[in-house]
Amino acid sequence: MSGPSDYQPSNPALQWIERRLPIIGLVHSSFVVYPTPRNLNYWWTFGAILSFMLGMQILTGVVLAMHYTPHADLAFKSVELIVRDVNYGWLLRNMHACGASMFFFAVYVHMLRGLYYGSYKEPREVLWILGVIIYLLMMATGFMGYVLPWGQMSFWGATVITNLFSAIPYVGESIVTLLWGGYSVGNPTLNRFFSLHYLLPFLIAGVVVLHVWALHVAGQNNPDGVEPKTEKDTVPFTPHATIKDGFGVACFLLLYAWFIFYMPNYLGDADNYIPANPGVTPPHIVPEWYYLPFYAILRSIPNKLAGVIGMFSAIIILCFLPWLDAAKTRSSKYRPLAKQFFWIFVAVCILLGYLGAQPPEGIYVIAGRVLTVCYFAYFLIVLPLLSRIETPRPVPNSISEAILAKGGKAVASVAIALVAAGALFLGSLQDARASEGSERPPGNKWSFSGPFGKYDRGALQRGLKVYKEVCSSCHGLSYIAFRNLAEAGGPGYSVAQAAAFASDYKVKDGPNDAGDMFERPGRPADYFPSPFPNEQAARAANGGAAPPDLSLITKARSYGRGFPWFIFDFFTQYQEQGSDYVAAVLQGFEDKVPEGVTIPEGSYYNKYFPGHAIKMPKPLSDGQVTYDDGSPTTVAQYSKDVTTFLMWTAEPHMEARKRLGFQVFVFLIIFAGLMYFTKKKVWSDSH
């Protein structure tokens with residue numbers, strides 16, 4: 001990529017290969033002796049981080065695809081079985097799901113760095129355009145991947161986004177029908193998206209190769225925007241850039257591991273732990289955080305076609321950036337006005353992300369329109385105008401001269417901006433998930449919270465007893481097998497005890513030799529049987545409302561903690577909103593309906609349930625279940641115990657996850673420290 005190389009390996013076998021396929025020389029010229037500007041800061045390490053994340057996404061995606069079933073009736077269950085039954089399936093799923101967010105976080109930093117330092121200017125126009133193409137392919141891949149779990153938000157997100165193509169004149173309806181494979185989102189849609197989601201990452205990898213090729217042809221930009229003139233301005237790519245990138249990747253992995261092992265659901269949506277149901281629309285259909293600014297632009301324009309054009313134009317306009325900004329000075333470091341407008345643009349993007357998570361009504365719509373105008377004005381008005389009227393500060397004559405005046409203020413300001421961006425994005429997501437018209441559930445002290453949290457075995461066993469004697473008459477546990485009760489990290493029963501527990505249940509089996517179905521005692525390999533033969537029977541027995549399966553209830557329910565708690569939650573690793581909600585609902589029944597509140601006939605008042613009207617009658621009362629260990633037989637104790645048990649049914653590998661997370665963190669901290677001191681040693685010789 002960097003031109004012909006005269007490198008010849010010393011090993012005879014490698015020499016034989018090199019004469020026939022000079023790949024070793026290509027690698028040597030492109031990634032070893034390639035001259036790299038010596039003034040690159042840590043924002044340039046995000047290129048290596050993105051390469052690493054692309055590899056991780058492809059690797060984990062291939063393994064997950066081996067176990068995934070792309071069928072509308074089986075997709076949701078197959079994902080859960082990956083997490084529960086595949087060896088380290090929970091780790092693969094978390095790495096892939098959290099990796100998508102980390103990938104987009106890194107690409108946004110990478111793009112903003114290029115925007116700030118003018119990496120799109122001549123002679124790097126093709127390099128920049130290839131980057132925009134990669135970004136578009138990433139957005140398509142991420143959207144299709146989000147559909148695959150086939151939860152509520154997956155299904156309705158697919159319905160809303162694919163419907164946008166119907167706004168295209170003449171061919172819109174045909175495109176939508178082609179995407180759906182029919183007349184609504186269904187099994188053909190899922191198959192198409194799975195196929196494309198598997199294919200597109202390899203296409204991205206191909207465009208990345210072109211991107212790197214263009215980078216090596218045009219040469220790397222640098223914070224001062226000055227082209228290297230002498231050998232003093234550059235250093236060999238290896239070991240200087242590789243060791244610096246290695247340290248940057250190690251630090252990034254700490255953030256990545258934080259989400260994988262301690263906050264795997266923090267960036268997701270609770271509704272996606274509910275199986276897709278075409279008959280029930282979620283109250284807030286919100287895309288993943290990395291799409292929110294463009295979603296806000298789409299919704300701020302009242303005309304459907306104009307909104308779609310605006311959304312796609314917000315991305316496509318980046319391709320024309322090299323010609324919209326005609327300023328000769330590349331880096332905003334030497335352009336005072338450009339620097340100020342850049343940070344205003346960053347603030348506009350953050351605010352658009354916030355608005356994208358809010359309901360499209362009132363002030364949010366007006367603000368969205370104003371910020372949409374600001375977004376496009378930055379590219380179409382501000383940058384062209386600044387190139388004509390701005391007087392930049394003097395640019396250093398060489399990179400060596402610039403190093404002598406090097407400062408770190410930009411790094412600190414960008415870091416603060418990124419923290420603020422992340423906080424606002426996450427806060428907007430939390431607000432979007434807030435329950436409407438209900439009190440906020442009180443927080444609880446759970447034994448399983450925090451980095452070293454573990455399940456209370458006594459609480460698990462008591463909770464199982466409450467479930468069996470009270471909840472099992474209406475609710476199933478379809479993802480829990482009796483054998484799970486004897487597995488590590490669970491209630492702590494022996495294999496014999498789990499088998500004895502299973503034998504108390506009657507399980508339908510068959511057909512037998514006569515072709516008849518029959519009932520038999522449960523076995524450890526059996527799953528907890530449902531109390532009803534089908535959903536219709538469940539609805540008929542419960543006033544028209546089907547009791548939900550409780551296997552994932554603590555992850556399928558959540559509430560908005562609001563500002564500033566969502567920030568504290570990130571640092572304290574608080575992810576027990578679902579547990580708080582379930583425990584609160586169990587204790588939130590009141591016999592007397594407050595004044596001014598109307599409850600439909602056949603419903604019951606619950607102060608924590610959204611809308612306050614719940615079909616389920618009060619399930620618990622004091623003294624209802626007898627505990628053998630002497631624990632209080634109160635509603636509060638029952639609620640906490642059964643919620644702890646239901647948290648285990650939703651996260652049976654939680655203890656293993658946190659235990660492995662601690663080991664990984666210790667390793668990464670030591671590794672990052674070693675990389676840092678190695679980097680200092682390598683770079684000390686260059687300075």
Side-chain angles (χ1 to χ4, degrees), residues 50-83 86 89 91-107 133-165 175-182 184-209 264 267-269 271-273 275-276 285-291 294-295 312 315:
L50 285 166
S51 300
F52 174 83
M53 290 305 304
L54 176 61
M56 290 299 299
Q57 290 299 94
I58 291 176
L59 179 62
T60 55
V62 167
V63 178
L64 288 171
M66 297 176 185
H67 302 277
Y68 176 74
T69 306
H71 191 281
D73 296 333
L74 303 172
F76 186 88
K77 187 171 185 178
S78 73
V79 172
E80 276 305 309
L81 292 180
I82 288 171
V83 172
V86 175
L91 178 60
L92 289 168
R93 169 81 196 294
N94 288 354
M95 289 176 69
H96 198 71
C98 297
S101 287
M102 295 297 99
F103 203 178
F104 273 95
F105 171 75
V107 84
I133 292 172
I134 292 170
Y135 177 55
L136 282 167
L137 290 172
M138 281 180 58
M139 295 189 79
T141 306
F143 166 65
M144 292 175 185
Y146 189 57
V147 174
L148 299 187
W150 212 239
Q152 272 289 75
M153 202 58 70
S154 295
F155 176 87
W156 287 100
T159 301
V160 170
I161 299 302
T162 53
N163 250 313
L164 296 177
F165 290 96
I175 293 174
V176 173
T177 303
L178 178 65
L179 287 171
W180 286 352
S184 64
V185 174
N187 192 61
T189 317
L190 184 60
N191 275 275
R192 282 161 166 72
F193 281 22
F194 172 69
S195 179
L196 291 172
H197 182 69
Y198 192 92
L199 172 67
L200 285 179
F202 297 100
L203 181 59
I204 291 173
V207 182
V208 166
V209 171
L267 296 172
D269 197 295
D271 279 344
N272 234 26
Y273 284 104
I285 301 176
V286 181
E288 291 289 83
W289 68 267
Y290 35 83
Y291 298 130
F294 306 105
Y295 191 58
F312 283 107
I315 304 171

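Just so you know, these numbers use all the heavy atoms, side chains as well, and skip hydrogens, waters and symmetry mates.
- Rounded to the nearest 0.5 angstrom, Trp156 CH2 and Asn272 CG are separated by 13.5 Å.
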- Can you list the steps and then say if Met102 with Leu267 is a side-chain contact (heavy atoms from CB on, under 4.5 Å)? CA-CA 10 Å; Met102 295 297 99; Leu267 296 172; 4.2 Å; yes
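- The minimum heavy-atom distance between Ala106 and Leu50, with the atom names listed, is CB-CD2, 3.6 Å.
- When all heavy atoms of Phe143 and Ala158 are compared, the pair lying nearest together is CZ-CA, 3.9 Å.
- When every heavy atom of Met153 is checked against every heavy atom of Val286, the shortest pair comes out as SD-N, 3.7 Å.
- Applying the side chain to side chain donor-acceptor pair (under 3.5 Å) test to pairs two or more places apart or on separate chains, those with a residue in residues 52-70 are Thr60-His96.
- Separation of the Phe312 and Phe294 ring centroids does not fall under the 6.0 Å cut-off.
- Rounding to the nearest 0.5 Å places CG of Leu200 at 11.5 Å from CG of Leu136.
- The line from CD1 of Ile204 to CE of Met138 is 6.5 Å long, rounded to the nearest 0.5 Å.
- Taking the side chain as every heavy atom from C-beta outward, Trp289 and Ser101 approach each other to under 4.5 Å.
- Side-chain atoms of Met56 and Ser51, non-hydrogen and from C-beta on, never get closer than 4.5 Å to each other.
- Minimum heavy-atom separation, Phe165 to Ile161: CD1-O, 4.0 Å.
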- Task: Could you go through the side-chain contact (heavy atoms from CB on, under 4.5 Å) check for Glu80 and Tyr273 one step at a time?
- Result: CA-CA 9 Å; Glu80 276 305 309; Tyr273 284 104; 4.1 Å; yes
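- Within the structure, the side chain to side chain donor-acceptor pair (under 3.5 Å) test picks out no pair touching residues 185-202 (sequence neighbours left out).
- Remark: side-chain polar atoms of Asp271 are not paired, donor with acceptor, to backbone N or O of Gln152 under 3.5 angstrom.
- Looking at Tyr290, its side chain never comes within 3.5 Å of a backbone N or O of Gly142 through a donor-acceptor pair.
- Screening Ile175, Leu179, Leu178, Val147 against Thr162 for a side-chain contact (heavy atoms from CB on, under 4.5 Å) leaves a single residue, Leu179.
- A distance-only check finds a donor-acceptor pair linking the side chain of Ser154 to the backbone of Tyr146 [under 3.5 Å].
- Screening Asp73, Leu81, Leu74 for a side-chain contact (heavy atoms from CB on, under 4.5 Å) with Lys77, the sole residue that qualifies is Leu81.
- Looking at heavy atoms from C-beta onward, Leu92 lies out of side-chain contact with Ile82 at the 4.5 angstrom threshold.
- Within the 4.5 Å cutoff, the side chain of Ile134 has no heavy atoms near those of the Met139 side chain.
- Minimum interatomic distance between Ile58 and Ala205 (heavy atoms only, all atoms of both residues): CD1-CB, 4.4 Å.
- If you take CG on Leu54 and CG on Leu59, they are separated by 11.0 Å, rounding to the nearest 0.5 Å.
- Between Ser78 and Ala75 the shortest heavy-atom distance is OG-O, 2.8 Å.
- Taking the side chain as every heavy atom from C-beta outward, Val62 and Phe202 approach each other to under 4.5 Å.
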- Phe193/Trp150 under side-chain contact (heavy atoms from CB on, under 4.5 Å): CA gap, chis, key distance, verdict: CA-CA 11 Å; Phe193 281 22; Trp150 212 239; over 6 Å; no
